[in-house]
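Numbers for residues simply follow the sequence, beginning at 1. Both counts, for ligands and for their atoms, begin at 1 and track the order of listing. Remember, it's a predicted structure, so these values are computed and weren't measured experimentally.
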Amino acid sequence: MSTNEQSLETTFQNKIDSELKIEPKDWMPDAYRKNLVRQISQHAHSEVIGEQPEGNWITRAPSLRRKAVLLAKVQDEAGHGLYLYSAAETLGVSRAEMIEALQTGKAKYASIFNYPTQTWGDIGAIGWLVDGAAICNQVSLQRTSYGPYARSMIRICKEESFHQRQGYQIMIELAKGTPEQKQLAQDSLNRFYWPSLMMFGPHDSESAHSAKSMKWKIKRETNDDLRQKFIDQTVPQIEFLGLEHPDKALKWNEKRGHYDSGEIDWEEFYNVINGNGHCNRQRIEHHVKAHEEGAWVRDAQNAYNAKVKQRQAQAVA
Ligand code: FAQ
């Protein structure tokens with residue numbers, strides 16, 4: 001590293017240490033840029049792929065009100081994807097490159113969206129647990145060091161908060177309903193609880209990117225600390241619903257001031273993130289199909305942009 005680069009890197013780290021934001025035109029180490037593109041684009045892909053399991057229930061929602069609410073939620077997730085792709089684009093990567101990385105399996109998206117939504121209860125469980133886990137993580141990302149990412153998180157968190165409540169409301173109605181409805185809620189909790197814990201990523205000791213990401217304040221809390229927060233906050237919510245906790249090893253630890261919990265099935269986690277979950281293939285196939293069907297919109301937009309440019313050039317000449 002040259003002396004000039006060293007001094008740029010020191011200024012960069014000092015800025016981060018003083019809680020100042022890094023902005024698109026600021027100097028940044030290549031590895032910081034790359035790590036951010038990786039995380040933000042994967043976050044964007046998760047929002048977009050996450051529309052599929054819920055979209056599956058729009059036509060089958062049990063009432064018009066529920067349909068309207070679910071439709072609004074799914075539209076919000078599309079919007080989150082757009083903010084995040086735009087934030088990643090400020091780092092010099094194009095939307096087309098990111099989409100290609102997703103469709104060819106080079107870029108990941110959240111493991112949770114490879115699980116199927118089999119019942120209406122699953123829509124409640126996703127809103128409550130999946131959006132709940134997403135909020136836990138994203139509240140801390142509001143303080144991430146990269147300005148455009150931090151700002152997108154502020155709006156996203158507000159919307160996720162509404163999503164989480166709509167999911168919990170579905171769970172309350174089911175859990176306080178008939179014995180069959182209560183069982184439906186319990187089954188959904190059982191199926192989505194452990195995959196929700198996996199959303200926080202591997203244990204800190206196994207996390208490839210955490211050390212650098214914490215130093216650069218891309219991540220503000222570690223995978224295990226965020227997961228613990230989620231575990232602790234979920235216990236009273238399960239109790240309020242009158243459902244059984246899926247983790248039989250769960251126990252309050254007075255000394256730590258947290259719940260101790262059973263071990264996650266890490267083999268399942270790695271299988272899912274490596275492409276072998278229930279729905280990996282279906283999710284990508286659906287994305288490719290929708291992307292191809294939307295090609296005419298992109299072509300029309302490009303043709304229009306070219307025309308506007310041409311007219312502006314003619315006006316100047
Ligand atoms: N799934 O070294 P780490 C939502 C990968 S938004 C898949 O610990 P890192 C809203 C990781 O990418 C949900 N892959 O990685 C919604 C890396 O692989 P790579 C998405 C995972 O980045 C709700 C490798 O394992 N939220 O749900 C997962 O430091 C309802 C090593 O891991 C975000 O993306 C996983 N669960 O920490 C939408 C938040 N965990 O890239 C619709 C932003 C790890 O080297 C409906 N992201 N991997 O090939 C983050 O905070 C971080 O990226 C972590 C992972 C915490 C997810």
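Taking all heavy atoms of E77, H163, K106 into account, the minimum distance to atom 38 (C) of ligand 1 is reached by E77. Residue nearest to atom 55 (C) of ligand 1, selected from E54, K219, K73: K219 (by heavy-atom distance).
Less than 4.0 angstrom separates some heavy atom of K108 from each of these atoms of ligand 1: 5 (C), 14 (N), 18 (O), 19 (P), 49 (O).
Protein heavy atoms come within 4.0 Å of atom 50 (C) of ligand 1.
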Item to complete: Please assess R66 against E173 for the test salt bridge (charged side-chain N to carboxylate O under 4.0 Å, His left out), listing each intermediate value before the final yes or no.
Response: CA-CA 12 Å; R66 284 289 173 207; E173 278 180 32; 3.3 Å; yes

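Residue-ligand proximity: S213 is placed with every non-hydrogen atom at 4.0 Å or more from ligand 1.
F269 and W266 have perpendicular rings, their planes meeting at more than 60° on a 0 to 90° scale where under 30° would count as parallel.
At a 4.0 Å heavy-atom cut-off, ligand 1 touches N223 through the side chain alone. When non-hydrogen atoms are compared, ligand 1 lies under 4.0 Å from the side chain of Y149 (C-beta onward) but not from its backbone.
Salt bridge status for K73 with E77: present, with a side-chain N to carboxylate O gap under 4.0 Å.
Aromatic pair W252/H258: centroids not less than 6.0 angstrom apart.
From I238, atom CD1 reaches atom CE of M171 across 8.5 Å, with rounding to the nearest 0.5 Å.
Of all protein heavy atoms, the one closest to atom 11 (C) of ligand 1 is R38 NH1, 4.0 Å.
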